[in-house]
Amino acid sequence: MQSKGYAARDATSSLGPFSFERRDPGAKDVVVEIAFSGICHSDIHQVRDEWGGSIYPMVPGHEIVGRVTAVGAEVSKFKVGDLAGVGVTVETCLACENCRAGAEPYCLQGMVGTYNAKTYGGEPTYGGYANNIVAPEHYVYSISPKLELAAVAPLLCAGITTWSPLRHWGVTKGKKAGIVGLGGLGHMGLKFAHSLGAETTLFTTSESKAADAKRLGADEVVVTKDKNAMKKHAGKFDFVLDCVSAPHDLNEYLGLLRLDGTLCQVGLPDQPLPVSGFSLVKNRRSLSGSMIGGMKETQEMLDYCAEKNIVSDIEMTTFDQLDEAYERVVKGDVKYRFVIDVRSLG
Ligand code: NAP
Ligand code: ZN
């Protein structure tokens, strides 16, 4: 199958047009003509090889929405013309205990990412900055026509990555939740924590985002450089979700936790973050992490969003503006997720 998109050729150059082939759809595969593709900070980490091991040429993109143009003979959930989405995962073993528990990102044989990865068969995967994608039905989601399609794209990564830990750690009415960092993940974290009924506080380095944070669901906003405000909130939180993309002091956020509270790391800075034992033993705190979410819970999140009318706040961009979009994401200056209009491929 012929595809065209935008690719990074190395860690330092701008992305440029790229033609490539995808496998022809098999019996279990769905082909999606891509309409919109979100820009996740993980795209930038990987394009720039900040995590190491990047594979080039790289077609990034794992927040993918569009319409089904073909289905294999054994596909039952989709027909041609349906709206559909693809997220971060395109292959897992589906047989190990984690897969069977619906926790496919933690597949014991390894999860194959939508891009910058190799399939079990050894083929490179190419992501959503492209006109089409082919993926097994198991990794394709149904999307409600009730929602604005472009604003659904970020739910496939930023949405599920915040939804999954909020649900796993039981964030709900009567709980006090903190969200750290108001970017793509953080703004979905605020929307979901608020919608699930928790008393929600945003911790930010950007004073200018306070009004937006309240509109997005924060009951309170704390600017983290205000050390008195941080002290006032110490020991008060059941759960804190850390969505920060750059190195920062985890001990400050561990200090926010009450007895048995959990700090969950979803942000993936390129450097290890030192943790003091004293930050953990006090209040019997837990430090944890979470990676995207399983296929079933992703569909549940999308269905919840359709029911509650929740989407991402997006800024639309085009392929020729990618450099600028990346720079603005790195500066923390995006409100609150860029989405590429794939028609701009031409
Ligand atoms: P993003 O839109 O760039 O948001 C990151 C936010 O972090 C910024 O808006 C900023 O918020 C804050 N920040 C940035 N630099 C900071 C610094 N030096 N100190 C403190 N705060 C800083 O990124 P994203 O797309 O939401 O992704 C966030 C992170 O999650 C990335 O590392 C990404 O790779 C990772 N990620 C992980 C998963 C997973 O499965 N675990 C999935 C997707 C993404 P304020 O302006 O409010 O401070
Ligand atoms: Zn992502």
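Counting starts at 1 for both ligands and their atoms, in listed order.
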Do any N or O atoms from the side chain of [X] and from the backbone of [Y] form a donor-acceptor pair under 3.5 angstrom?
X      : Y      : value
Lys191 : Val311 : yes
His248 : Ala246 : yes
Asp29  : Ala70  : no
Glu297 : Gly294 : yes
His187 : Gly184 : yes
Thr114 : Gly127 : no
Gln299 : Ser142 : yes
Arg328 : Asp333 : yes

Contact check, [X] vs ligand 1, heavy-atom distance below 4.0 Å:
X      : answer
Arg337 : yes
Cys157 : yes
Phe338 : no

Fill in: Donor on one side chain, acceptor on other, Asp341 and Ser344, under 3.5 Å
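No pair is found: no donor N or O on one side chain lies under 3.5 Å from an acceptor on the other.
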For [atom], what's the nearest protein heavy atom and its distance?
atom                    : answer
atom 26 (O) of ligand 1 : Leu185 N, 2.7 Å
atom 48 (O) of ligand 1 : Thr205 OG1, 2.6 Å
atom 10 (C) of ligand 1 : Lys209 NZ, 4.2 Å
atom 45 (P) of ligand 1 : Thr204 OG1, 3.3 Å
atom 23 (O) of ligand 1 : His41 CB, 3.1 Å
atom 7 (O) of ligand 1  : Val244 CA, 3.6 Å
atom 11 (O) of ligand 1 : Leu182 N, 3.1 Å
atom 17 (C) of ligand 1 : Ala246 CB, 3.8 Å

Look at [atom] and find which of [options] reaches it with the closest heavy atom.
atom                    : options                        : result
atom 14 (C) of ligand 1 : Ser290, Ser245, Pro269, Gly332 : Ser245
atom 29 (C) of ligand 1 : Ser208, Gly186, Gly293, Gly267 : Gly267
atom 33 (C) of ligand 1 : Ser164, Ser42, Gly38           : Ser42

Practice prompt. Around the Zn ion (ligand 2), list the protein N/O/S atoms within a radius below 2.8 Å, excluding water molecules.
Written response: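 Short answer, with waters excluded from the count: Cys40 SG, His62 NE2, Cys157 SG.
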Should [X] and [Y] count as an ion pair when the cut-off is N to O under 4.0 Å?
X      : Y      : value
Arg48  : Asp270 : no
Asp238 : Lys176 : no
Lys227 : Glu252 : yes

Which atoms of ligand 1 sit under 4.0 Å from any heavy atom of [X]?
X      : value
Ile292 : 39 (C), 40 (O)
Ser206 : 45 (P), 46 (O)
Gly181 : 11 (O), 47 (O)
Val329 : 3 (O)

Side chain, backbone, both or neither: which applies to [X] and ligand 1 if a contact is any heavy-atom pair less than 4.0 Å apart?
X      : value
Pro105 : neither
Trp51  : side chain
Thr161 : side chain
Cys243 : backbone

With only distance considered, is [X] within less than 3.5 Å of ligand 1 through an N or O on each side?
X      : answer
Cys40  : no
Gly184 : yes
Val266 : yes

When hydrophobic residues are tied together by side-chain contacts of less than 4.5 Å, even through go-betweens, does [X] share a cluster with [Y]?
X      : Y      : value
Val90  : Met58  : yes
Val180 : Leu287 : yes
Leu166 : Leu256 : no

Worksheet entry | Residue pair Leu254 / Ser279: nearest heavy atoms and the distance that separates them |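 Reported closest heavy-atom pair: CD1-CB, 3.7 Å.
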Discussion item. If you compare all heavy atoms of Met295 against all heavy atoms of Tyr141, which two are closest, and at what distance to 0.1 Å?
Written reply: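 Met295 and Tyr141 have their closest heavy atoms at SD-OH, 3.1 Å.
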Worksheet item: Given Val65, which of Leu156, Leu83, Leu147 fulfils the side chain to side chain contact (heavy atoms under 4.5 Å, CB included) condition?
Response: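 For Val65, the side chain to side chain contact (heavy atoms under 4.5 Å, CB included) check succeeds only for Leu156.
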